[in-house]
Structure formats: structure tokens, C-alpha cells
Visitor: 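Questions regarding the structure given below will be posed in turn.
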Amino acid sequence: MANSGLQILGFALALLGVIGLIIGTILPQWKMSAYVGDNIITAVAMYEGLWMSCAFQSTGQIQCKVYDSLLQLNGALQATRALMVVSILITLAGLGAACMGMKCTNCGGDDKVRKSRIAMAGGIIILVGGMSLVLPSSSPGLVHS
């Protein structure tokens, strides 16, 4: 079993990953497009995310519109939203299990074998959460359909 410092480092990196996952799920920069008219004043950048679409004007105005209905979204966007939320939930569960199995905590008793198995299970759960993130975030056609 790894030493306590290595376990804390792994836990901190997994926690940073979950924070990045939550931020990436919320932000609207999943699909970007731009329109520039005859002059720079009419430039508009359009961003579409999982939860809203936004228009950034060259004058500095930002207009965002939250999607009204889940039923009007295409299937790829619904699947992407579901996979991202599932990934967040699985990874948070894995962080909880990994925290219980760490050497520096008292959860799980004093049995070192059982604590190491709990820590290993937590790491595997975190990996499963990361794998459920890979498909929606790396498929170029998933959100663009």
C-alpha cells in the first residue's frame, strides 16, 4: 500500500479533477461559432453548452438563454448531459470511498488489508467515473449533431 503522502496527493488530484469536471459541465463553451459582418462592430460569438446557449457581442454584451425544455434537445445532447452528471456522481462516490480507505483516516477500522481494499475500490470507482467522462468530452460529433 502506498504511503500517506502519495495517498493525499492522489486524493487532492482527484478532487481537483472533480472540480474541473463540474466547471466543464456548467460552462457553455462546448460548441463555438462566430459571425463577423462587414465591420467588427457586428461581430458575434455564439457558444452552446449543455445547459444554455450564449451570444457574446463585440460591444461587450453577453446574452445567455437556458434551454427551456429537456424534450426539445436532441438525443446526443441529452446523452452528453446524462453522462457528465453520472460521471460527477460516480467520481464523488469514489472520492468518498478513497477517503475512507486512506491511511490518515480512522474510517474502516485498524485492519490494514481492509483499508487498502477500500482505497483500491475508491480508486477504481474514480477511474470508472473518469471513463464515463471520456466519451462525451472527446467525441467531436456528440454535441454538434
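Worth knowing before you read on, the calculation uses all heavy atoms, side chains too, and leaves out hydrogens, waters and symmetry mates.
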Visitor: Not counting sequence neighbours, which residues clear side-chain contact (heavy atoms from CB on, under 4.5 Å) with Leu73? List them please.
Guide: Tyr67, Leu70, Leu77, Gln78, Arg81
Visitor: Considering all heavy atoms of both residues, which atom of Gly101 and which atom of Gln7 are nearest to each other, and what is their separation?
Guide: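 For Gly101 versus Gln7, the nearest heavy atoms are O-NE2, 4.4 Å.
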Visitor: So, do Leu95 and Phe11 sit near enough that their side-chain heavy atoms are less than 4.5 Å apart?
Guide: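 A side-chain contact under 4.5 Å exists here.
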Visitor: Please tell me whether Ile26 and Ile88 are part of a single hydrophobic cluster in this structure, the criterion being side-chain heavy atoms less than 4.5 Å apart.
Guide: yes
Visitor: Is there side-chain contact between Met84 and Trp30, with at least one heavy-atom pair below 4.5 Å?
Guide: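 Yes; the side chains approach each other to less than 4.5 Å.
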Visitor: Of all the heavy-atom pairs spanning Ile125 and Ala93, show the shortest one and how long it is.
Guide: CG2-C, 4.3 Å
Visitor: Starting at OG of Ser53, measure out to NZ of Lys31 and round the result to the nearest 0.5 Å.
Guide: 11.0 Å
Visitor: Under 4.5 Å between side-chain heavy atoms, hopping through other hydrophobics if needed: is there a path connecting Leu13 to Val128?
Guide: no
Visitor: Is a side-chain donor or acceptor of Ser87 paired with a backbone partner of Gly129 at a separation under 3.5 angstrom?
Guide: yes
Visitor: Near Met46 CE, under 6.0 Å, is it more than 12 heavy atoms from other residues, nucleotides or ligands?
Guide: yes
Visitor: Ile23 and side-chain contact (heavy atoms from CB on, under 4.5 Å): which partner among Thr25, Leu21, Ile19?
Guide: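 Of Thr25, Leu21, Ile19, side-chain contact (heavy atoms from CB on, under 4.5 Å) with Ile23 is met by Ile19 alone.
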Visitor: Got a second to check how far Met131's CE is from Thr91's OG1, nearest 0.5 Å?
Guide: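 Between atom CE of Met131 and atom OG1 of Thr91 there are 12.0 Å.
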Visitor: Taking ring pair (Phe, Tyr, Trp, His ring centres under 6.0 Å) as the test, write out the residues that go with Phe56, two or more places apart.
Guide: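 Here the qualifying residues are Tyr47.
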Visitor: Nearest 0.5 Å please: distance from the CD1 atom of Ile8 over to the OG1 atom of Thr105.
Guide: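 Interatomic distance, Ile8 CD1 to Thr105 OG1, rounded to 0.5 Å: 9.5 Å.
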Visitor: Would you confirm whether Lys115, through its side chain, and Met102, through its main-chain N or O, come within 3.5 Å as a donor-acceptor pair?
Guide: yes
Visitor: Find out if a path of hydrophobic residues (ILVMFWY) with successive side-chain heavy-atom gaps under 4.5 Å connects Leu127 to Met120.
Guide: no
Visitor: If hydrophobic clusters are built from ILVMFWY residues whose side chains come within less than 4.5 Å, do Ile22 and Ile126 share one?
Guide: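 Linked within one cluster.
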Visitor: Is there a continuous path of hydrophobic side-chain contacts, each under 4.5 Å between heavy atoms, that joins Leu89 to Trp51?
Guide: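 Leu89 and Trp51: one cluster.
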